Amino acid sequence: MTLLSSGRRSRVLPHRRVWRPWLLLAPALATLAVLLIYPLGRVVYLSTQDYGLRELNLGLSNPVGLDNYRAIFEDPLLRTALVNTVVFAVACVFLTVVLGTLVALLLVRLGTKLRAVVTTAIMVAWAMPAVTGTYVWVFIFDTPSGIVMRGLDKIGMVDPDTTNWFVDRLSFYSIATLNVVHHGFPFVAVTVLAGLMTLPGETMESARIDGANAWQRFWNITFPMLRPVFAVVTILSTIWDFKVFTQVFLMPGGDGANRDVLNLGTWSYITGISQKEYGLGSAIAVLLTLLLLLITIVYLRSMFKEDELR
Amino acid sequence: MSVESPAGLVRDDSPPSATDQRVGSRRPRKGAMNHTLGARTTTGKVLTIVALIALLAFTLLPVFMMISTAFDARSEDGSRSLIPTELTLDHFRFVLDEGGFLTYMRNSLIVGVGTVLISGALALLAAVAVSRFAFRLRTSVLVMVLVVQMVPLEALVIPMFIQARHLGLLNQLFGLTLVYVAFSLPFAIWMLRGFVAAIPIDIEEAAYVDGASWGRMFWSVLLPLVGPGLVATSIFAFITAWNEFIFATTFMNDDSKKTAAAGLRDFFGRFGDNDWGAVMAGSTLITVPVMIFFILVQRRISEGLVSGAVKG
C-alpha cells in the first residue's frame, strides 16, 4: 500500500493505471503460483516416477513413464473408488441443493426475528468442523452404543450383535452423505435466501392471483430469476463434495482398513502418504484432479453461455 | 494528484451470487415481505411449524449429542439416556491434562491468526484489483481464481509433503500457516470481490474530487467501508485453518506441534475407540470457540455493508 499511496507521483498516468491492478494482484498471484500451481506441476511430474522413500531421501528421480497409470487402470480398486467418488458426490450435491433451497423457502416465510434465530441455528451446523462433525455422526451410528442402533434395537428392527453399518459400502456412504449434507446445506440456504429477498414481491403476488400454485411459482418465476444463484451454489457444492476426504477418512475403516469404501481421495492419500508410494499416489491424485477439472469446465461453459460470470 | 477517470473503474452489477452473499446480511426490497403471505392459512402455519421443528432437530442434533455426551458422567454406560442424568467435568479435565489439548488448541490459534492476517491482506489487494479496474486478462484471472479452488487438497498433499520435508518445514507452525494461506486465498478473493463491488463508486469519486490520491482513497475510504467484508472473509480463513485436517495430520508428527483437528484423531486412537465422553469433550473444545465466533460476527456483518453511506 505504501508503495502505491504517496511518493511516486509519476506524470505517466495511463501507464500507472495499466500496472496498478497487476501490482495489487502480484502478492496473491505469486502466493498461489508457488503454493498451488507449482505443487500441481510437481504432482504430475511425480506421477511419472517410481518415487518411494529411497528416492525421497536421496533426492533421486526414477522415471517410469506411464507405468503408474497403467497400474491404476489394471487395479480393480479403480472401479470401486470411482463409483464411490462420483455417486457419493452426485447424491450429496443433489440433496444439499434441494434441502438448502427448501430451507431458504421456509426461512423467507418467517418473520424477521424468527428468521434471524433459525438462521443462527443453521450456522451452527455450518460452523461444525469436519473432524468433530464426523466423530459425532460416527458416535450416533456407532455399534452398539450409538443412539440410532439402540433405538432400532429397542423396537426390534436390528440386532446390534450382527449389524455394523460401517462395514457395508452403502450404509457407510449413507452416513457420510448425511454428514456432508448436514454440513453443506446452510451455505446453500443462506445464499438462496439472499437471492429470494431480492425478488420483487409483486411478480409473485400477480402469479398467485393468476392461480399459479407454489410448485409452478417456483419453477416458472423463482428458479429462472435466481438461475445464477443456483448455478453458483451447485458449482461450489460439486467442487466441495467431489473432494470430500476427512469425512470418509475418519470413519471406521475409512483410512484404508476397508477397501470397499475407498474413494479417489483416500485411495491416493493412503497409497502416497501411508504406503509411501509417492509416484503411484500422485497418479491417482492426477486422475481425481482431471475429473474435477472436467466438471469445472463443463460448468464454466454453461455459466459463460448465460453470461453470468462477469 | 492522480485522479482516476471513471473509465478506469469497473462497475460490477452482476446478479446476486455466492460472492455477494454475506452471512446474515440482506437488504429486503420493497415488496419482499409479501412472501410472508404464504403462511396465511391455518394448515400453512401448522406445516411451517412442523417443518421448522424438523429442521431444528436435524440441524442441532449433532451439536446436542456432542455437548451432552461431553458432560455426561455415564457416557460409557450403554444404558445412558439421551439427556444426561449426571453431569461431570471429568472428561474435559482428562482431555486437557492427559490429552494435551491445551497445546493443540494453542497451535491451532497461532496458525489460524497467522492465516487470517496474511491471506486477508493479500486477498483485499487482489479483490480491489479485480473489482475496480478494467484490465486485460481480468476475466482470466477471475476464472483462474475459481478454478484453483477446485484443486483437491489430496492432490497437493504428496508434492507439498515432499517439498516441506526438503525445506525443513515439517513440524513447523509457519509451514502449515503458509499452506493454509494458499488454501483460503482463492475463496477470500472471490468473496471480498463481492464486498468491494458493493461499495458505490460515487464514494470513491467523491474522494478524488476532494483531492485524494488513489492510495489515500484506498486507505481512508475503501478500507473502512470494506471492513465488514474483511471480517467475514477472515472468519472463513480462520475456520479453514482451524478445521483443516489432511495437512495438519500429515505435516505435524511432533505432539507439541499438532493442531487441534489433527490432535483429536491421534487422541481418538490413543485411548481406544469407546471413550466417547473424552472424544466428545475434545470435539466440544474444538467446535464451541468456532461456533461462538461465527455467531458473534454474523451479527456484526448483518449490520449492513454500506447502507446509508451514499445517502445524504
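Just so it is clear: chains get the letters A, B, ... in the order the sequence lines come, proteins before strands, and each one is counted from 1. Note that this is a predicted model, so its numbers are computed, not measured.
Contact tally against chain A (heavy-atom pairs below 4.5 Å) for Thr284(B), Val288(B), Leu264(B), Thr249(B): the top residue is Leu264(B). In terms of non-hydrogen atom pairs under 4.5 Å with chain B, the most contact-rich of Pro129(A), Gly265(A), Ala125(A) is Pro129(A). With respect to chain B, the highest number of heavy-atom pairs below 4.5 Å among Leu46(A), Val124(A), Thr31(A) belongs to Val124(A). Most heavy-atom pairs under 4.5 Å with chain A, from the set Leu156(B), Val128(B), Val290(B): that is Leu156(B). Options Leu250(A), Leu288(A), Ile140(A) differ in how many heavy-atom pairs under 4.5 Å they form with chain B, and the most are formed by Leu250(A). Chosen from Pro186(B), Gly282(B), Ala261(B), Ala155(B), the residue pairing most often with chain A at heavy-atom distances under 4.5 Å is Ala155(B). Between chain B and the residues Trp240(A), Tyr278(A), Tyr135(A), the most heavy-atom pairs under 4.5 angstrom are made by Tyr135(A).
Centroid-to-centroid, the aromatic rings of Phe161(B) and Phe247(B) stay 6.0 Å apart or farther. Not less than 6.0 angstrom separates the ring centroid of Phe185(A) from the ring centroid of Trp126(A).
Phe58(B) touches chain A through backbone and side chain together, each having a heavy atom under 4.5 Å away. The contact between Ile189(B) and chain A is made entirely by side chain atoms (from C-beta outward), counting heavy-atom distances below 4.5 Å. For chain B, the nearby part of Ile37(A) is the side chain; its heavy atoms alone come within less than 4.5 Å. Interface remark: Leu106(A) contributes side-chain atoms only to the contact with chain B (heavy atom separation under 4.5 Å). Using a 4.5 Å cut-off between heavy atoms, Val181(B) touches chain A through its side chain atoms alone. Using a 4.5 Å cut-off between heavy atoms, Met291(B) contacts chain A through both its backbone and its side chain. Looking at Ile246(B), the atoms closer than 4.5 Å to chain A (heavy atoms on both sides) sit in the backbone and in the side chain alike. For Leu185(B), the part sitting under 4.5 Å from any heavy atom of chain A is the side chain, from C-beta outward, and nothing else. Looking at Val44(A), neither its backbone nor its side chain comes within 4.5 Å of chain B, counting heavy atoms on both sides. In this structure, chain B has a heavy atom under 4.5 Å from the side chain of Leu99(A), while its backbone stays farther away. Neither the backbone nor the side chain of Leu287(A) comes within contact range of chain B, judged by heavy atoms closer than 4.5 Å. Heavy atoms closer than 4.5 Å to chain B are found nowhere in Phe242(A), neither backbone nor side chain. For Leu102(A), no part sits under 4.5 Å from any heavy atom of chain B, backbone or side chain. Only the side chain of Tyr38(A) comes within less than 4.5 Å of a heavy atom of chain B; its backbone N, CA, C and O stay farther away. Met217(B) does not touch chain A: none of its heavy atoms, backbone or side chain, sits under 4.5 Å away. Contacts between Ile239(A) and chain B at a heavy-atom distance below 4.5 Å involve the side chain alone, from C-beta outward. In this structure, the portion of Arg136(B) lying under 4.5 Å from any heavy atom of chain A is its backbone and not its side chain.
Smallest separation of non-hydrogen atoms from Ala260(B) and Ser108(B): N-OG, 2.8 Å.
The backbone N or O of Glu205(A) sits nowhere less than 3.5 Å from a side-chain atom of Glu202(A) that would complete a donor-acceptor pair. With Arg42(A) contributing its side chain and Pro159(B) its backbone, the two residues share no donor-acceptor pair below 3.5 Å.
For the pair Trp214(B)/Arg132(B), no side-chain contact is recorded, criterion being any heavy-atom separation below 4.5 Å from C-beta on. Residues Leu280(A) and Tyr51(A) are not in side-chain contact: their nearest non-hydrogen atoms beyond the backbone lie 4.5 Å or more apart. For the pair Thr48(B)/Leu110(A), a side-chain contact is recorded, criterion being any heavy-atom separation below 4.5 Å from C-beta on. When side chains are defined from C-beta on, Phe245(A) does not count as touching Asn263(A), because their heavy atoms never get closer than 4.5 Å. Looking only at side-chain heavy atoms (C-beta outward), Thr59(B) and Phe64(B) stay at 4.5 Å or farther from each other.
Remark: the Thr250(B) side chain and the Tyr269(A) side chain contain an N/O donor-acceptor pair separated by less than 3.5 Å.
Taking CD of Gln163(B) as the start and CD1 of Ile158(B) as the end, the distance is 13.5 Å to the nearest 0.5 Å. Rounding to the nearest 0.5 Å gives a distance of 13.0 Å between NE2 of His183(A) and CH2 of Trp137(A).
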Report the C-alpha distance between Thr191(A) and Val229(A) in whole Å, list the side-chain angles of each, state the deciding distance to 0.1 Å, and finish with yes or no for side chain to side chain contact (heavy atoms under 4.5 Å, CB included). CA-CA 7 Å; Thr191(A) 310; Val229(A) 176; 4.0 Å; yes
